[in-house]
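One structure is given below, encoded as structure tokens.
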Amino acid sequence: MTSTVIQNVIRCVPRITWSTLRQCSSSSRHAREENSSHKTTHFGYETVSEDEKAERVHRVFENVASKYDLMNDLMSGGIHRLWKDVFMSRLRPSPTTRLLDVAGGTGDIVFRFIQHVNQSVGGSTVADDTTQHSSHIHPYDITVCDISENMLKVGQQRAEAQGYQGIHWVCGDAQDLPFEDDLFDCYTIVFGIRNVVDVEQALSEAYRVLKPGGRFMCLEFSQVKNSSLRWVYDQYSFNVIPPLGQVIAGDWKSYQYLVESIRRFPDQESFKEMIEAAGFRCVKYENLTFGVVAIHSGFKI
Ligand SMILES: C[S@@+](CC[C@H](N)C(=O)[O-])C[C@H]1O[C@@H](n2cnc3c(N)ncnc32)[C@H](O)[C@@H]1O
């Protein structure tokens, strides 16, 4: 895609309609379907074709979107907020950081980005009518990209309710990002990459769209090494989360997928090696809450 075309796409994103997003999502999926072979992969503990995984992941997030934020709070007892706060403090964004948040869903990371920058430049962290929020937000260059129209829609509604303006909401696939090369200072992906069918391809796309010197940062569920703690964590995950999903969101299966997909994702060291294989340098990770989640980061040098 030429630079002119992409600039036009970016410019028109805030005016994007939901029918446009639907077209964008289905054309993105169709492109993947054409390229994809009949290779198998995992969907939680099931073995399925890659196409089927993509469809089912898409369906999961379309289904849970309206209850996604509530469920996050209930499942984690609010701890996901602390993890995301730590993640943002490690990122240490500045007002000029050009951010791409992939699999950004309902906007938690970009909202934190804005709050963090406002705080660090001495502005208000609260975006309401009394704080002239628009003047804080407009200079920022922030894009959320997600494959689910419903998740993006909830994100846009939250942004409007909280007075955050100027965020670009783009429907797209992490494996085939609709952005030109060398565009962003920072690529973030939070609780998103384990849902992607081809993680290597997503990492390669992350590398492509980052500017030289740009930073990749990922927050993802990881592996608890201590066996006693892991037993407790497994009991909680398998016995509490799917029933909670059924009660709150009427959806046992999506939350069963969530806990199974966490167990299928590579451990800290293996994921670090995958990031290095994609070309990133100075790759490191930090465990939070005994490795329940980990922050991985690397640079395009
Ligand atoms: C668990 S949610 C995380 C949302 C958000 N980052 C957060 O932390 O609250 C996972 C997100 O990944 C998105 N997703 C899954 N596969 C994707 C893909 N191939 N490309 C882009 N987004 C994808 C889903 O639509 C969903 O919004």
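All values below come from the heavy atoms of this structure, side chains included, with hydrogens, waters and symmetry mates left out. The residues of the chain are indexed from 1 along the displayed sequence. Both counts, for ligands and for their atoms, begin at 1 and track the order of listing.
Other residues, nucleotides and ligands place more than 12 heavy atoms under 6.0 Å from the CZ atom of Arg264. Around atom CZ of Phe290, no more than 12 heavy atoms belonging to other residues, nucleotides or ligands sit under 6.0 Å away.
Of the residues listed (Arg112, His116, Lys84), the one engaging Ser89 in a side chain to side chain contact (heavy atoms under 4.5 Å, CB included) is His116, and it is the only one.
Taking the six-membered ring for Trp and thresholds of 30 and 60 degrees, Phe111 and Tyr164 have nearly parallel ring planes, at less than 30 degrees apart.
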Ligand 1 polar-atom proximity to protein (N/O, under 3.5 Å):
{"from": "ligand 1", "atom 1": "6 (N)", "to": "Ala103", "atom 2": "O", "distance (Å)": "2.8"}
{"from": "ligand 1", "atom 1": "6 (N)", "to": "Val190", "atom 2": "O", "distance (Å)": "2.8"}
{"from": "ligand 1", "atom 1": "8 (O)", "to": "Lys84", "atom 2": "NZ", "distance (Å)": "3.4"}
{"from": "ligand 1", "atom 1": "8 (O)", "to": "Val190", "atom 2": "O", "distance (Å)": "3.4"}
{"from": "ligand 1", "atom 1": "9 (O)", "to": "Tyr68", "atom 2": "OH", "distance (Å)": "3.0"}
{"from": "ligand 1", "atom 1": "9 (O)", "to": "Lys84", "atom 2": "NZ", "distance (Å)": "3.1"}
{"from": "ligand 1", "atom 1": "19 (N)", "to": "Asp173", "atom 2": "OD1", "distance (Å)": "2.9"}
{"from": "ligand 1", "atom 1": "20 (N)", "to": "Ala174", "atom 2": "N", "distance (Å)": "2.8"}
{"from": "ligand 1", "atom 1": "22 (N)", "to": "Ile147", "atom 2": "N", "distance (Å)": "3.3"}
{"from": "ligand 1", "atom 1": "25 (O)", "to": "Asp146", "atom 2": "OD1", "distance (Å)": "2.6"}
{"from": "ligand 1", "atom 1": "27 (O)", "to": "Asp146", "atom 2": "OD1", "distance (Å)": "3.3"}
{"from": "ligand 1", "atom 1": "27 (O)", "to": "Asp146", "atom 2": "OD2", "distance (Å)": "2.6"}

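For Asp185 and Arg98, the salt-bridge test fails: no basic side-chain N is under 4.0 Å from an acidic carboxylate O.
For the pair Arg263 and Tyr233, the cation sits on the ring face: its NZ or CZ lies under 6.0 Å from the ring centre, inside 45° of the axis.
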